[in-house]
Structures are given as structure tokens and as C-alpha cells.
Amino acid sequence: MTKDEVENGRDDMLIDGPEQANAVPDGFNANYLRIYYGKLFPHADIFKWMSYGNDGKHPACDKSYIGRREFSFTLENDIYIRFQSFNSASELENSIKEKCPFKIDIGPVYSVDPAKRHAYAQSGDNVFTPVERELVFDIDITDYDDVRYCCTGADVCLVCWPLMTIAIKVIDTALRDDFGFNHILWVYSGRRGVHCWVCDGKARRLTNEQRAAIADYFHLYKGNENSNKKISLPGPVLHPFLARSYTEVLKGFFEAKLLSNQNLLSSEERYEKILEMIPDAVAAELRGRWQENKRSSVLKNDINAVRWEQLKHTLQSGKQKAQGLRRCVEEIVFSFTYPRLDMEVSKHMNHLLKAPFCVHPKTGRVCVPIDPNNCDEFDPTKVPTLSQLLEELNRGGLRQGAENAEWDRTSLGESVTFFRSSFLHPLLKSCKEEIESSYNTKLQQAKNALSW
Amino acid sequence: MQVVGYHRKSSSNDVVVSTLPLYRSAPPLEVRLEDFELFAMDRLRVLKGISDGLSRGKKPEEMEKLVMDLWKASMRHPQATEDVNKDNISHFVLRLVYCRTEELRKWFLSMETALFRYRFHVESSQAQRALMSEFNLPYKAVSNAEFESVEDKLRQVARSMGQTLPIADAIFYKVPFEEVPELVAGHRVFIHKGHAYVAMNQVVSLVVTQFRSHLSKALILTNRKWTFTIREQEKDRLTPIVEALCTSYLGPDYSQPKDFAEISIKDIDQIAKTSFPLCMRHLFEKVREDHHLKHGGRMQLGLFLKGVGLKVDDALAFWKAEFAQKVGAERFDKEYAYNIRHNYGREGKRTDYTPYSCQKVILSTPGVGDHHGCPYRHFSEENLRAALARMGVGSRIVEDVIDKARNRHYQLACTLTFEAGHGSSCDAGVNHPNQYFIESQKILQSKNGSVA
């Protein structure tokens, strides 16, 4: 179908009977995307979010704020347009509709309008510099290839996806309880991972050094391709954050799910990988038992669970009771389950990150928000695709008269509603309070200065 | 500044006060031109020693001793009363020397901060508190009631570091976590709802953060003054000294190939075998084998090759020939070519990036799928052994190398490897992969010369 056909044919499709018209072939193309941006993409919500309350009437609003934010588009032919800025919701919306980007990235807020950076560059002083940026995290399932046997690379299935789910749990809890952040948005990246946006004012103003410190706080994974041990946990006990992650999330997940789902101990090749992580004497003992045990026929219980219990028992049994050995069990669990962040994304303010509600070109799936409180229920294979949404749009078109926005008639509605109610509204409320209170402080200071 | 020195001296009869300056403002002293240069050289010797110590991976206790020894050896003035002046003068001279590029500032900032840290650490707790009050840190100690509510967690953190919590007079400060990034990064504090509980013996981190951020800002200002006024005003007097000082000690800049003007792609395999240090050889072999390298590896090898004399067009051809086999020529042009041109200063900021020094390579943190870093540090022992054997290093020397690596003398390990491969000594030691390359080429060419 050419572009013209789609544009002209849209009305016909609505009028046609539901039988043929509803079927929209799978896929991702500029025509589909144009309809998506025209009818479904929540432009106004994204703009509201990026304004952080500065689009209001309050005298303390920073009118230049949103205009200093970098947006960048990747167009169909892989042309990459960086450093765009928008001063109003309609500017943003019109530009997206006109350019129909395959990907929209959000960058930092700069000291000056990024679109005019060249004009400032001539002054010689480096005034063009990032000043604010959400604290962001990017977790990608490809980084887990050494601990999953179901898929590799960009593929993801319901057996390995829970690795993402527990990453969300561990990090979300720490961001709230340890760091005291409240306005956190988790988003499905559209194919193989998740993104996290921490939007509290305090988070947006962190320096690169402070961002790096937080990333390091979350970073345990020290292994590289040329060393054996992926994680080593020093000290006789775990830091409270790690201890909580271990007892509340990782241990249970490893024992109840991962062990049997990924068959971590079922074959020699697989259990050798785990035996490598424990002292040779213990490993040799277990290896002996398991190699024999292979010949003994039917096992009633899951072989992975049985062997795991044996391993723990041997490691923790009387003669081997040294603390270091107990620590081995924890190291194995951490190695297989602990979140693996793409550190560089979090460490620097000027890293770009894909905007929520974009559509992933390879899968056609929308980057929808994930509710961290119900992240167990999130199923990446059920996330609406572009063609599915268009189909729903067609079907819904027959029931005219609904006053709600178009997305409300599709399965995207739930996501937009969630984005607003659980993230955007509370965020804007606290932005307003922050603006109000900083204004009052300033007023007070001015008054004091006068009366002095 | 000068005032502080005298002030402290005058009250030295009863209280032990620190002579550690905070370098808030330049000393209003007359300095003789010889002293200007001499003092700076002495201080540089200390900073260079710290830099070497850090890249050897010395532990904090070892660093502390090293710093104190270096200080005693270089910074003691024949007249004890002049110590503080020498300290101040040398610091401010080096500020001028090291303010001039981002790379220089970064180096100076880390070394001065490290120096301050260890000097602060050996001060008495009285003196430490006095210094803290000079920084005007607004922190109050945690109350008893609050202490009891978090005592378990504080105890857990202390134990996780192999320490015990002093019960009787445990003083803790509750500070925003942003103020102690290094403690956060290292899991060395308990963090709750955005606040870190900092023990008295950790306040050095608080003070160091202040010191660092102050110095960082000051360096930017100094740079501005230098570019706009001082350089011109002093062009006959100080400028030549300042410009000579940093090159005389930082080692040469390897961004531009010098002695061996160019290498061509057809020779590169041969040269890699004879003259690349193990870190680069490993990356080079990996890219030939896998037709791919992750970002860290591309940077480390790419900049090295630039320094070796590979022209930008040859570099593009080299990387493309490999990557095209894996990701296709089109994707290479789209996703990777930009970064290569960027490294050569042809894109983005248009900075000509400098090849990584040993210190930078050693301190990098390769993760899963990564092959960069220093093999002597990041390889497991078996892998290192195998790699050395492949290079043709004899087994007796392999043991020496392994021994050096085990004791964290990574550069010495590399020097031994160099000497084994070239049958001649390398007195300067290996400090930079490009230096390794140049030394190697010198030896090989003189051998060829003598044959012909």
C-alpha cells in the first residue's frame, strides 16, 4: 500500500463492514506510524511531563525550561536529527506528525536552547552544557546471555522475561526506600528490556559524579569475558541493600523459578558453570555424585532443585562451615539474578533515551509503561502492536459518538490512563508545590532584604 | 591563605592544629622565579607518585603511607616555617599548569583530591573537626533516638566492611546522599530515604567532596583567566615555564603519531604480532576473530591505532572490513563509522581524542562481552597464562609476570613481557600502550638496520 492509498482509503476502511476492514496486516511502516501519531500518540501528555510545571501561569515558572530540552528524531531512512527543541505542545505535535520519526529520543535540558547552540558556541566560552536530566536506567536482556538458555541476543520469551521483572523490583525498591525518590516511570523498551525514568527534581539535578555513584551502588556485576567469577561479595555480611534484595527478591526467584525454568543444574555442561564458582574440593565432591546420579534412572523431583539442595547442603554442612563457603551460595544467586545495568546510560546527563509510547520498528510494539507494583503481570508478548491498535481503531470507528480521545477505544487506553494517574498527575502536583515553595522562599528573602 | 598559616602556628602551644591548607585563595606572597618552578616540580613528583600508586591498585592504607613518604621526600622546605608557603605556592602554580585542557584538569583534580584525602586522614580528630568547620558543613550529629532506630542497619554496614561499630561514642552525621558519592558507590554507608548515615571516620568523604567541587570550579575560572589575560601578559616570563611544566612530567601526548609516521593496513597484522602490548593485541585478535568489539574495546583499540599512525580513512577501512562481516556494511556506516570519525576529531566536539594511558586502561571496568582493559589486571590467571604462552613468552618468565600481576604491579608485568619479547630491557617501564609500541619499533628497526 502506498502512502496515498492509506490516507485516502482510511475513510473507506471505516465505512466498510467489520469483516474485511478490521484486518490490518502485521508490520511497521511509515503509513501505520502516521496514523498512530495522528490519532494515538499522547503528544500533550509527553509535553506536560517534559514541562515539569513550567508551562503554568505561576510567576515563578521558568518559561524557557521546555525550550531548552533536546529531542532527537530518527527518521525512516535512518537520518538522525539531533538537538531539536519545542516551545509548545502544538509545535511538538506538529513536528512529530510532519516528520513521522521511527524513533523519538529525549535528551537533557541544556543551559541554552539546543537548536541555537551554534550561535552560543561563537562566544568561545562553553555555555552550551547540559544542566538537568532525569536519572535514567536501561536494562537489556542481551546482557544476560550467559545465564539464560532459552533465548539469545535480542530474543526474549516468557521464560527469561522474569529476569527483567526482578530487576524492576530490586531497583524500584532501592530508588524509593534508599534514595527517597518518588516519581519513577518504568517503560517497556519495545523489544528486549526496560527503561526507567526517575523524575524527582532532586534526581534531575544530580551531577554526573552523583549519577555514577548511584549507578555504582546498583552495580555488582564485575565479570568480563576473560575472568571466571562474575560477582564477588566481600565482607562477612551483606550491605543492607544487598541483603534486602537477596532475601526479598533474588533468592526466592532463583529457587522457585530460574533453577527449573532454565534447567541450571540438569546437564553436565550447565552445572559445570556453577561448580566453577565454588571451591575445588566441594565442586569435586558434588561432581562425583552428579555424574553417578545421571545413570540412576527416574527422579521424582526436579533434578535442578534436588542438586541445588545438595550443593547448599554440602557447602553449609559441618566440615565446610567456613563463612566463605556460605557466601558461595549467595554469589551464585547474585550472579544469575542480580540486575545488570547499562552503566554508561545512567552515568552521564547527555545520554539520549527513547521516549515512552514510541513504537519499536522491529517488533511493532509500543513502549508502554510498566506498573512496578504489578510488574509480575506484565507480559511483553501481550503489549499492543501498531497493527493491532489500528485494527481496534477501525473497529471502534463504527461506534461513533464516544467523546473520549481515540486511544481510549484501543488497548493503548489502559497504558495512557496508567501513565497519567500513577505517574504524570502526582509528578505535576509536586512540581507545582516545588515551584510555589521556591517562589515563597524568594519572596521572603526579598522582603527580608528590604526590611534590612 | 597566608593568614591561616600564621594563625594556626600562633595557637600551636596547647592545641594540635592542622597545617593542611584548603587553597581557597592564592597566597599574597612574593615568589622568586626559581622557586616558582622548583616548588611546582616537587609537588608534581608527589602527584605523579600518587598517580602511579593508584594505577598499581594500591590499597588505601598503602596509599596513605605512600603519600606521606612522598610528601616528606619532596615537599619539606629547609626552613620548617616555609612549609606552608611552599605547599600553597606549588599548588597554585600547578593550577595554572593544569587548567589548560579538560584532560589536564581531570588529572590534576583527581591527584590533588587524593593528596588532600590522605593528608586529611592522618590529621588528629580535633584538627579534622577544625577543618570541617572551615568548610562550613552544616551537619548535625544524629540524635540518640534516631541512632537507636537505625542501629541494626549501621551495624550491618560496618560488618559488611569487616569493621565493628564503636558502641559508646558512635557519632554519625546524617547527610543528603548526594554529598558522599564515593561512600554510596562503594556500599559503605546505610542510605535511607535519601539520607546517608556517615560515621565519624568517614567524614573525610564529606570534606573531600567539598574540596573537589571547589577545586573543580576554581580550575575552570583559572583556565578562563589564563586564556584571556595571563598567557598574553606573561608570555615572556611565566608562560614558557607553565607550558613546559606539564609536558616535562605527564609524559608525551600520543595523539599524534611521531616517529613512525604512518602504518598501512597491509602491515597491521605483522605489526600487531611484534609490537602491540597484550591489551591491544588481545583486542586486535578479537576483532579479527569475532568481527566485532563492544564500545569500550573499540575506543581502547581505535585510539591506540590512531596514535600508532593509522590514518582516519585506513581506520574506517579496517573496522569496516571486520564489522561488515558481522553486521553488514550498511549498518557499519550507520552505527559505527561516526564514532571512528569522532575519535579522529572529525565529528561532534571535534576534539582530537588522545589514546588511553596504562592508568586509564587499568582502571577501566570491562563487563560482560567486553575485551578491553588491562589483561594483567582483568584476566583470570589461566587466561593470562594462556595469552602469554601464545605470545611466545617462556614459562619461567610467565611465572614472573603472573607474580607481578598477582601483586598488582600490572605495568611491571607488562614491562617484563616486553623485555621477554624483545630481548632487551625497557628501563623507563611501560606507562602507555603507545609508548610500548614506539619502544618496540625502535628496537626492531635498529635490529633490522644492523642486519642490513
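Every chain is numbered from 1 and lettered A, B, ... according to where its sequence line falls, protein lines coming before strand lines. Side chains are part of it too, since the values below use all heavy atoms of this structure and drop only hydrogens, waters and symmetry mates.
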Query - B:Lys334, part contacting chain A, at a heavy-atom distance under 4.5 Å - result: side chain
Query raised in the report: Looking only at heavy atoms, what is the nearest atom pair of B:Gln156 and A:Pro240, with distance?
Result: NE2-CA, 3.7 Å
Query raised in the report: More than 12 non-hydrogen atoms from neighbouring residues, nucleotides or ligands closer than 6.0 Å to NZ on B:Lys360, yes or no?
Result: no
Query raised in the report: A:Tyr144 versus chain B, heavy atoms under 4.5 Å apart: side chain, backbone, both or neither?
Result: neither
**Report entry** A:Leu220 side chain near B:His187 side chain, heavy-atom distance below 4.5 Å
**Finding:** yes
Report summary line: Rounding to 0.5 Å, atoms CD1 (A:Ile214) and CD1 (B:Ile191) come to a distance of 8.0 Å
Query raised in the report: Applying side chain to side chain donor-acceptor pair (under 3.5 Å), which residue pairs with at least one partner in residues 241-251 of chain A are found, sequence neighbours left out?
Result: A:Asp178-A:Arg244
Query raised in the report: Looking at B:His192, B:Glu381, B:Glu178, which makes the most heavy-atom pairs under 4.5 Å with chain A?
Result: B:Glu178
Report summary line: Whatever's closer than 4.5 Å to a heavy atom in chain A on B:Val180 counts as neither
**Report entry** Side-chain (A:His239) to main-chain (B:Val189) donor-acceptor, under 3.5 angstrom
**Finding:** yes
Query raised in the report: Side chain of A:Glu209, backbone of B:Pro181: donor and acceptor closer than 3.5 Å?
Result: no
Requested in this report: Please state whether the side chain, the backbone, both or neither of A:Phe241 comes within less than 4.5 Å of a heavy atom of chain B.
Outcome: side chain
**Report entry** A:Leu238 versus chain B, the contacting section by heavy-atom distance below 4.5 Å
**Finding:** backbone
Report task. Can you establish whether the number of heavy atoms outside B:Glu61 located under 6.0 Å from its atom CD is more than 12? Result -> yes
Query raised in the report: Got a second to check how far A:Tyr217's OH is from B:Arg188's CZ, nearest 0.5 Å?
Result: 13.5 Å
Report summary line: Interface check, chain A: of B:Lys193, B:His195, B:His295, B:Arg212, most non-hydrogen pairs under 4.5 Å belong to B:Lys193
Report summary line: Okay, A:Arg211 and chain B: the region with an atom under 4.5 Å from a heavy atom over there is neither
